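The structure appears below as structure tokens.
Just so it is clear, the model here is predicted, and its values are computed rather than measured.
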Amino acid sequence: QVQLVESGGGLVQAGGSLRLSCAASGSTFSSYAMGWFRQAPAKEREFVASISYVGGRTAYADSVKGRFTISRDNAKNTVYLQMNSLKPEDTDVYYCAAQLWGWGSTGSQAYAYWGQGTQVTVSS
């Protein structure tokens, strides 16, 4: 079992950047594919980006492609989401998730472990 804690959210102006971090503990981090999702109140959780447990294969939602970059540091048990050129529509609570031996599914149901979320607010 893995525990996940996100950090790095905050308030930023449109066009700015933020880097989210998700620190994992309790299990072998390198065995997990990691994903980032976001969710607004009364809306379904939306896939943002993922990275496989081996090989560094990444996937992105069309809405963030070219602006966001997912990466992982297995030595630090941490996955990152670098967010550039932020837009007001990127405002959401961002969650990281872990999928054992996964390739980085875009579906939230594939992930068994979730963090508590971090708020990202982009002002216009």
(request) Compare all side-chain heavy atoms of Phe68 with those of Val48 and state whether any distance is below 4.5 angstrom. (result) yes
(request) For Tyr80 and Arg19, test the side chains for any donor-to-acceptor distance below 3.5 angstrom and give the result as yes or no. (result) no
(request) Establish, from distance only, whether the side-chain atoms of Ser30 and Tyr53 form a donor-acceptor pair under 3.5 Å. (result) no
(request) Evaluate the side-chain proximity of Phe29 to Val79: yes if any heavy-atom separation is below 4.5 Å, no if none is. (result) yes
(message) Using every non-hydrogen atom in the two residues, find where Leu4 and Ala24 come nearest and quote the distance to one decimal.
(response) CD2-CB, 3.7 Å
(message) Between Gln13 and Ser123 (side chain of the first, backbone of the second, donor and acceptor by atom type, cut-off under 3.5 Å), is there such a pair?
(response) no
(request) Using modelled atom types only, decide if a donor and an acceptor are shared between the side chain of Ser52 and the backbone of Arg57 within a distance under 3.5 Å. (result) yes
(message) Counting only heavy atoms not in Lys65 (residues, nucleotides, ligands), do more than 12 fall under 6.0 Å from its NZ?
(response) yes
(message) For a 4.5 angstrom cut-off between non-hydrogen side-chain atoms, does Ser124 reach Glu89?
(response) no
(request) Quick one: closest heavy-atom pair of Leu18 and Gly8, and the distance? (result) CD2-O, 3.8 Å
(request) Not counting sequence neighbours, list each pair that qualifies as a salt bridge (Lys or Arg N to Asp or Glu O under 4.0 Å) and has a residue in residues 67-87. (result) Arg67-Asp90
(message) If I compare all heavy atoms of Tyr32 with all of Ala98, which pair ends up nearest, and what's the gap?
(response) CD2-CB, 3.7 Å
(request) Compare every heavy atom of Gln116 with every heavy atom of Val5, then report the nearest pair and how far apart it is. (result) CA-OE1, 3.7 Å
(message) Are the side chains of Cys22 and Met34 in contact, using a 4.5 Å heavy-atom criterion?
(response) yes
(message) Strictly by side-chain hydrogen bond (donor to acceptor under 3.5 Å, both in side chains), give each pair with a member in residues 102-113 just once, sequence neighbours left out.
(response) none
(message) Using only atom types and a distance under 3.5 Å, with no angle test, would you say the side chain of Ser50 pairs donor to acceptor with the backbone of Gly35?
(response) no
(message) Show the nearest heavy-atom pair for residues Gly102 and Ala33, with the distance to one decimal.
(response) O-CB, 3.1 Å
(request) Could you list the residues that satisfy side chain to side chain donor-acceptor pair (under 3.5 Å) with Tyr95, not counting sequence neighbours? (result) none
(request) Could I get the full list of side chain to side chain donor-acceptor pair (under 3.5 Å) partners for Gln82, not counting sequence neighbours? (result) Asn84
(message) Taking the six-membered ring for Trp, are Trp114 and Phe37 closer than 6.0 Å centroid to centroid?
(response) yes
(message) Tell me the closest heavy-atom pair linking Ser21 and Thr78, and the distance in Å.
(response) CB-CG2, 4.2 Å
(message) What I'd like to find out is whether the side chain of Val120 reaches to under 4.5 Å of the side chain of Leu20, using heavy atoms alone.
(response) yes
(message) Once side chain to side chain donor-acceptor pair (under 3.5 Å) is applied, do any residues pair with Asp92, and if so which ones, sequence neighbours excluded?
(response) none
(message) Can you list, by chain and residue number, the hydrophobic cluster partners of Leu11 when the side-chain cut-off is 4.5 Å?
(response) none
(message) Within the 4.5 Å heavy-atom criterion, are Thr118 and Arg38 side-chain neighbours or not?
(response) no
